There are 2 protein chains.
Amino acid sequence: MTSDAGTLRNTHQRRAVSSLLGSVEGFHSAQELHSMLRDRGERVGLTTVYRTLQSLADAGEIDVMRPPGGEHLYRRCSQGHHHHLVCRSCGSTVEVEGPAVENWADRVAEKHGFTDVSHTLEIFGTCQGCCRS
Amino acid sequence: MTSDAGTLRNTHQRRAVSSLLGSVEGFHSAQELHSMLRDRGERVGLTTVYRTLQSLADAGEIDVMRPPGGEHLYRRCSQGHHHHLVCRSCGSTVEVEGPAVENWADRVAEKHGFTDVSHTLEIFGTCQGCCRS
DNA sequence: GCGTTTTTGACAATCAATTTCATTGTCGGC
DNA sequence: GCCGACAATGAAATTGATTGTCAAAAACGC
């Protein structure tokens, strides 16, 4: 669609994964996405799901989250750099931005002589709905 | 609800792991620590190393880092909440603090109605030494 | 010492993720 | 439209860190 690495071919599996990611809310594991594809009647191998997710992540089209003690979760997110506020209980997520944090991280890294800087940041908590129950 | 530290027994394996962590620099995986113990002549099972590291982490005595695509790394860190600036190439780490970030994370979470908030933050980059080579 | 309770550790099990490799599908060129 | 090179696929096998099992050993209180 958008990204074209030159050697990438346009297969129905790739389109299926990409399209699925566009139509679901929240984060899902590769295995969940694989099941969803099966439920939709698409036959896409689990291997291909992993590979496609990886290439999409490399291309920056999806976000990967690594929750403590769980499998990798993937989600199509709004473009641009942002972070996630995640409910420990129900898994619902909110995208948050913190320009100040970005700057701080870059400044700190630079101060210590580090270059080519990136960072990961996730906020975990219990959301209102889950807190009540 | 919290771990009952009153029933913990003082075994030589527990002491060996704890002592080892006090004498090594940087982050190490459970398997590395297990090898080091063997080199030291201590006989401690890998299972026990994992269990001990887990309980130490639960007690807040060591920090756990989960680098992308790697195993869990453990390190005895200075007390108190802090984050890490990690070199992608050589793995060297710098402890950094960012009170402003802590506050920001808490505020953002609170604003969205989240309670019991925690967060993870790691900064990755290439350190001066590795940048040159 | 003695009995109780925790801890240990060799091995098996788990499970996400990756690799393998023969087969299939794409796509540019004709 | 057809061909052929080559990327892509996918089922099964593999990997590798981590966890579970459970009998035996160690620590602690008395």
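Just so we're on the same page: letters track the sequence lines, and every chain starts at 1. These figures come from a predicted structure and were not determined experimentally. Just the heavy atoms: all of them, side chains too, but no hydrogens, waters or symmetry mates, feed the values below.
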When the distance from NE2 of His12(B) to P of dT8(C) is rounded to whole Å, what number comes out? 8 Å

Please determine if Arg76(B) and Asp63(B) form a salt bridge, counting it only when a charged side-chain N lies under 4.0 Å from a carboxylate O. no

Strictly distance-based, threshold 3.5 Å: is any side-chain N or O of Arg75(B) a donor or acceptor partner for the main-chain N or O of Glu25(B)? no

Find the distance Arg15(B):CZ to dT7(C):P and express it as a whole number of Å. 14 Å

Are Arg40(A) and Ser23(A) close enough that a side-chain donor and a side-chain acceptor fall under 3.5 Å? yes

The first and last nucleotides of DNA chain D lying within contact of chain B, meaning any atom under 4.0 Å from one of its heavy atoms, run from dA17(D) to dC28(D)

Verify the ring-centre separation between His84(B) and His119(A): is it less than 6.0 angstrom? no

Closest nucleotide of DNA chain D for Ser29(B) versus for Arg9(B): which of these residues is on the 5' side? Ser29(B)

DNA chain C-proximal residues of residues 33-55 of chain B, any heavy atom under 4.0 Å: Arg43(B), Val44(B), Gly45(B), Thr47(B), Thr48(B), Arg51(B)

Can you tell me if Glu32(B) and Tyr74(B) form a side-chain donor-acceptor pair at under 3.5 Å? no

Atom pair OG (Ser55(B)) and CD1 (Ile62(B)), whose distance is rounded to the nearest 0.5 Å: 8.0 Å

Rounded to the nearest 0.5 angstrom, the CZ-CZ distance for Arg88(A) and Phe114(B) is 10.0 Å

Compare side-chain N and O positions of Arg14(B) against OP1 and OP2 of dT7(C) and report whether any pair is under 4.0 Å apart. yes

Do we see a donor-acceptor contact under 3.5 Å between the side chains of His81(B) and Glu102(B)? yes

